Participant: 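Sharing a structure with you now.
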Amino acid sequence: MSEDIWILGIHMTKFGKRPESDVVDLAAEAALGALSDGGVTMGEMGVLAAGNLMGAATGVGQMLQKQIGQTGIPVYNVANACATGATALRTAIMAVRAGECDMGLAVGVEKLAGAGLLSGGSRKKDSDTWEPSGRYGAVAPLDGRVGTETMPGVFAQIGMEYGHTYGGTDFELFARISEKNHMHSTLNPLAAYTKAMSLEQIMGDVMIAYPNTRPMCSANCDGAAAAVVVSDSKLKTMSLEQQRRAVKVAASVLTTDPWEEACQILPDVNTLTRNAATQAYEQAGVGPDDLDLVELHDCFATAELVHYDNLMLCEQGGAVDFFESGAPFRDGPKPVNVSGGLESKGHPIGATGIANIWEVCHHLRGEAGDRQIDGAQVGLAHVIGLGSACGVHILEKAAA
Amino acid sequence: MSGQIPLVDYLVLGDEPHLEASECTSCGARYFDRRNACASCGAAGEDQFRSVAVPNEGQLKAFTIVSFAAPGVPVPFVAGVIDCAGTSVRGNVVNVEPDADHVRLGMKVRLTTFAIGEDGEGTEAIGYGYEPMEAA
Ligand SMILES: [Zn+2]
């Protein structure tokens with residue numbers, strides 16, 4: 001086995017509308033914050049991985065270097081749908097684990113405020129003569145004519161499919177999951193939204209794609225998060241304070257969806273998450289029962305339900321009972337999304353994967369303020385990007 | 001009359017409209033679009049795929065009612081996944097009130113086709129959807 005990897009410093013910006021900051025400003029704020037949190041400088045970094053989805057072709061990593069330090073190190077600009085941030089972190093982890101350097105910086109950033117809901121591509125004007133094109137030989141855009149390609153619609157169906165298979169779901173159940181996350185966000189000053197919402201407000205809000213109303217959908221916003229990773233041998237040369245605050249990366253896993261019947265009809269976010277979780281628990285040598293908190297990818301309320309099951313927080317098919325038991329509430333035995341989740345904390349796509357890890361790290365360090373889960377020792381962070389990609393990280397408090 | 005053209009090339013028109021999947025001859029995986037090799041087993045070759053008819057009747061195993069979509073898409077509409085004897089198909093549920101009282105998980109549906117518009121030469125494009133087999 002290669003040596004352990006640690007998160008030495010980590011930082012997350014305020015999520016929400018950030019009109020005064022551009023993508024590079026936000027990335028710089030997160031990067032400088034993470035370096036400072038870890039007590040290190042850009043000059044000590046051996047690799048930089050920058051995750052940004054909307055500007056994937058623009059080289060955000062190099063633009064960031066020009067603002068905070070052009071030290072000549074390799075830069076990887078990564079994009080992997082909503083798993084972009086987790087992929088950036090994994091890139092830095094892989095470089096350190098491979099022995100190419102002993103410290104690396106990963107940044108995830110996105111400007112999404114006012115972007116509207118993630119909907120299908122805009123429709124081209126129907127041509128004057130029908131002309132089959134693309135791999136389906138389609139003569140007109142298919143979104144809306146042959147099902148839906150929009151994110152709210154896809155994830156709504158994923159939740160409904162779970163209900164069809166296992167039963168027990170209804171509109172109100174999904175709304176109550178959202179109510180939980182909005183309630184959690186009241187304790188998170190960095191969240192895009194920090195107001196609780198009643199069940200009546202959530203169910204009565206604008207319906208986007210049944211059963212997901214607007215507050216049950218992830219909140220598009222601006223934000224960034226960054227992390228400094230360090231090898232075990234390098235960490236041992238550092239101050240006791242740095243060693244005490246470092247968080248162990250007990251597992252870092254990225255998967256894609258293997259072929260399953262129907263996976264191309266409705267994206268399969270289940271199998272790859274289950275596979276990632278299985279690998280992560282094995283790598284970390286812990287099980288779901290050992291987790292003190294979980295940040296999972298609640299891009300829609302319907303998605304949170306299926307991931308209780310996929311991350312094996314409950315028996316297969318038992319997600320509804322798991323929720324009904326109160327387990328995923330912050331005062332329950334398995335708190336899920338105490339940050340407010342994507343529905344209330346917000347979802348700046350490229351930043352989300354690292355932001356979920358930021359949340360878990362702060363609980364493990366005992367630095368989560370009012371929403372601290374007391375005595376947290378082990379936590380799991382999960383993200384999913386359609387296509388599909390899934391990142392799972394398991395983090396452990398330092399022994400010291 | 002200048003005739004008809006299907007919305008997608010896996011929709012076969014005629015007296016008994018139906019969908020055709022291309023099936024991997026090695027593992028049986030089914031696809032509705034063109035593939036360079038099989039995503040399930042990796043097999044590739046000139047005769048790797050054969051056309052098979054998909055049953056017209058099925059069961060609705062997931063749906064959503066979409067209220068917000070790209071400009072030009074009429075809303076609300078019901079999008080669904082239909083299990084046609086083991087082959088999953090994406091399609092709209094049509095000829096039904098678009099609400100959760102009338103569209104139910106597990107309901108039996110059957111393929112139906114309809115015109116979606118004419119081009120400048122009078123050719124009619126034909127789309128497909130699934131309609132309930134019993135009154136709700
Ligand atoms: Zn095959």
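Source: prediction; values computed, not measured. Quick note on labels: first sequence line is chain A, next is B, and so on, each numbered from 1.
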Participant: Determine whether the side chains of B:Arg35 and A:Gln264 contain a donor N or O and an acceptor N or O closer than 3.5 Å.
Facilitator: yes
Participant: Using modelled atom types and a 3.5 Å cut-off, is there a donor and acceptor pairing between side-chain atoms of A:Arg135 and backbone atoms of B:Arg34?
Facilitator: yes
Participant: Looking at B:Gly127, B:Cys38, B:Gly91, which makes the most heavy-atom pairs under 4.5 Å with chain A?
Facilitator: B:Gly91
Participant: Can you confirm whether A:Glu161 sits close enough to B:Val81 that some side-chain heavy atom of one is under 4.5 Å from a side-chain heavy atom of the other?
Facilitator: no
Participant: Does the side chain of B:Leu7 come within less than 4.5 Å of A:Arg145's, by heavy atoms?
Facilitator: yes
Participant: Quick one: does any side-chain atom of B:Asp119 pair with a main-chain N or O of A:Trp130 as donor and acceptor, under 3.5 Å?
Facilitator: yes
Participant: So, do B:Arg90 and A:Gln157 sit near enough that their side-chain heavy atoms are less than 4.5 Å apart?
Facilitator: no
Participant: So which part of A:Val154 gets closer than 4.5 Å to some heavy atom of chain B, the side chain, the backbone, both or neither?
Facilitator: neither
Participant: Taking the side chain as everything from C-beta on, heavy atoms only, tell me whether A:Glu261 gets closer than 4.5 Å to B:Arg30.
Facilitator: no
Participant: Got A:Val146 and B:Asn92 here, is their nearest side-chain heavy-atom distance under 4.5 Å?
Facilitator: no
Participant: In terms of heavy-atom pairs under 4.5 Å with chain A, which of B:Pro98, B:Cys41, B:Gly129, B:Gly86 leads?
Facilitator: B:Gly86
Participant: For chain A, which candidate among B:Phe77, B:Tyr10, B:Tyr128, B:Phe32 shows the most heavy-atom pairs at distances under 4.5 Å?
Facilitator: B:Phe77
Participant: Could you check whether any side-chain heavy atom of B:Thr64 comes within less than 4.5 Å of a side-chain heavy atom of A:Thr148, counting everything from C-beta outward?
Facilitator: yes
Participant: Using heavy atoms and a sub-4.5 Å threshold, report which of residues 13-29 of chain B line up against chain A, by residue number.
Facilitator: B:Ala29
